[in-house]
Amino acid sequence: MKDSNQMTWKEGDCVMYTRGQFAVMGNVGRKALRLYHEEGLLVPVYINDENGYHYYDESQLEILEKIKRFRKLGLSLFEIKQILDGKADENEIIESKISETDSFLKELKDYKAVSDIKPLEANGDIIDISAFDRCTCIYVPENVERENLGMSVGKLYEKAAREGIKITGDHFALFDGLDREENFSMKTCLPVSNYKGDDTVEIFEDKCLHISFTGGFSKVWQAHQMLQEYALKSGIDLADRIYEVYNKDMSVDVYYVIS
């Protein structure tokens, strides 16, 4: 019978080590060993009830090295346990992790490409990258006939006044389905804060190519031209949605959603 105060002893052909000794030999922290124990990845071969020592044997060093290697590769504790228990194929999980990493690297490169873009001033109008802030809107659907915009805006303001709806921003047009002619649509929207119904829509865009255009409503096509040229030159992929916000000072904020 082993002495309860022994730190190390040999049982059969295996040398037994306390958690602290095993942590030093395996070059890990004791907290890591406790976590691996709790998750069932690396369970001590013996726990002394008298002194609470947790003992590991030499053969478990190989398992610990596997766990450390898998952790460096970004595998979760659950994935590692599945592999160690023989419930998952190591090569399949590694291939899946490679695919995830490739996708993540692509996202990082796309983000860097956008974040490297510097604001551009063209004829006093600034082009930058910004979000289209989250808002709830009442809206009027229509068939992309811009000449009807004024009539639609009037309907929205009349509805807000009639039903006591609080207006929280300037009206805007949402053009959707730009790359799908049969589904090309337009909504005239008015941001509100105290109303929700069948004629409301919640809008938010995380990342847009944006210009605050001061040339007036009638020349807003110039803003679109500048944004499209800037996107081509900068290698920015645009989605199929555009927002035109009509400000009270007669300027127009145009947002092209970035893919």
Side-chain angles (χ1 to χ4, degrees), residues 103 106-107 109-120 122 125-153 155-157 159 167-193 195-248 250-259:
S103 297
K106 182 180 182 304
E107 290 181 9
K109 289 176 181 178
D110 290 345
Y111 174 80
K112 187 177 187 304
V114 171
S115 63
D116 283 345
I117 295 170
K118 301 294 187 291
L120 171 71
D125 301 312
I126 303 296
I127 295 176
D128 58 15
I129 304 295
S130 63
F132 191 94
D133 292 337
R134 189 180 305 277
C135 59
T136 298
C137 304
I138 53 175
Y139 73 92
V140 175
E142 49 207 338
N143 296 316
V144 204
E145 296 171 353
R146 294 169 67 100
E147 61 270 20
N148 291 332
L149 178 62
M151 186 182 302
S152 298
V153 170
K155 290 179 181 178
L156 293 174
Y157 279 99
K159 177 182 177 64
I167 299 171
T168 58
D170 294 315
H171 64 274
F172 61 89
L174 162 59
F175 302 92
D176 200 1
L178 300 179
D179 60 355
R180 295 169 283 123
E181 287 189 22
E182 68 280 6
N183 294 321
F184 191 22
S185 66
M186 172 184 172
K187 289 184 177 73
T188 305
C189 303
L190 183 63
V192 298
S193 66
Y195 174 83
K196 280 198 174 182
D198 294 337
D199 56 348
T200 60
V201 60
E202 185 170 313
I203 292 171
F204 170 70
E205 302 292 353
D206 181 54
K207 196 164 48 180
C208 303
L209 189 60
H210 160 258
I211 186 170
S212 185
F213 182 70
T214 56
F217 296 168
S218 63
K219 295 183 180 179
V220 71
W221 60 269
Q222 294 178 356
H224 290 272
Q225 187 178 50
M226 285 188 283
L227 288 173
Q228 291 175 24
E229 289 177 355
Y230 189 75
L232 284 171
K233 184 172 65 176
S234 303
I236 300 174
D237 293 327
L238 300 176
D240 64 349
R241 291 184 307 288
I242 299 172
Y243 298 83
E244 287 183 0
V245 182
Y246 308 100
N247 303 309
K248 292 181 177 63
M250 301 300 290
S251 64
V252 184
D253 283 285
V254 182
Y255 297 80
Y256 273 65
V257 179
I258 297 175
S259 297

When rounded to the nearest 0.5 angstrom, what is the spacing between SG in C208 and CG in D128?
10.0 Å
Quick check: closest heavy atoms across A223 and V254, and the distance to 0.1 Å?
CB-CG2, 4.0 Å
Distance (rounded to the nearest 0.5 Å) between L209 CG and M226 CE:
11.0 Å
What pairs with K187 under salt bridge (charged side-chain N to carboxylate O under 4.0 Å, His left out), at least two apart in sequence or on another chain?
none
Output the distance between atom OH (Y195) and atom SG (C137), rounded to the nearest 0.5 Å.
13.0 Å
Is there a side-chain contact between V153 and L190 in this structure, where contact means two heavy atoms from C-beta onward sitting under 4.5 Å apart?
no
Would you name the heavy atoms of F132 and V245 that are closest together and state the gap between them?
CE1-CG2, 3.7 Å
L156 to T188 - nearest heavy-atom pair and separation:
CD1-O, 3.3 Å
Side-chain contact, heavy-atom cut-off 4.5 Å: D240 with D176?
yes
Minimum-distance pair of heavy atoms, taken over all atoms of C135 and P191:
CB-CB, 4.4 Å
S259: what forms a side chain to side chain contact (heavy atoms under 4.5 Å, CB included) with it, not counting sequence neighbours?
D237, A239
Using side chain to side chain contact (heavy atoms under 4.5 Å, CB included), reason through Y139 and S152 one step at a time and then give a plain yes or no.
CA-CA 8 Å; Y139 73 92; S152 298; over 6 Å; no
Over all heavy atoms of both residues, which pair between T168 and V192 is shortest? Give the atoms and the distance, please.
OG1-N, 3.5 Å
Going by heavy atoms in the side chains, are D253 and F172 under 4.5 Å from each other?
no
To the nearest 0.5 Å, what is the distance between NZ on K207 and CD1 on I236?
9.5 Å
Distance col, row S212:OG vs I127:CD1, nearest 0.5 angstrom, shows 11.0 Å
Identify which one of Y230, Y256, F213 satisfies the ring pair (Phe, Tyr, Trp, His ring centres under 6.0 Å) criterion when paired with H224.
Y256
Just verifying a value: how many Å separate R241 CZ and L174 CG, rounded to the nearest 0.5 Å?
8.0 Å
Do you know the tightest heavy-atom contact between M186 and A173?
CE-CB, 3.8 Å
Could you note down all residue pairs passing salt bridge (charged side-chain N to carboxylate O under 4.0 Å, His left out) where residues 212-226 supplies at least one of them, sequence neighbours left out?
none
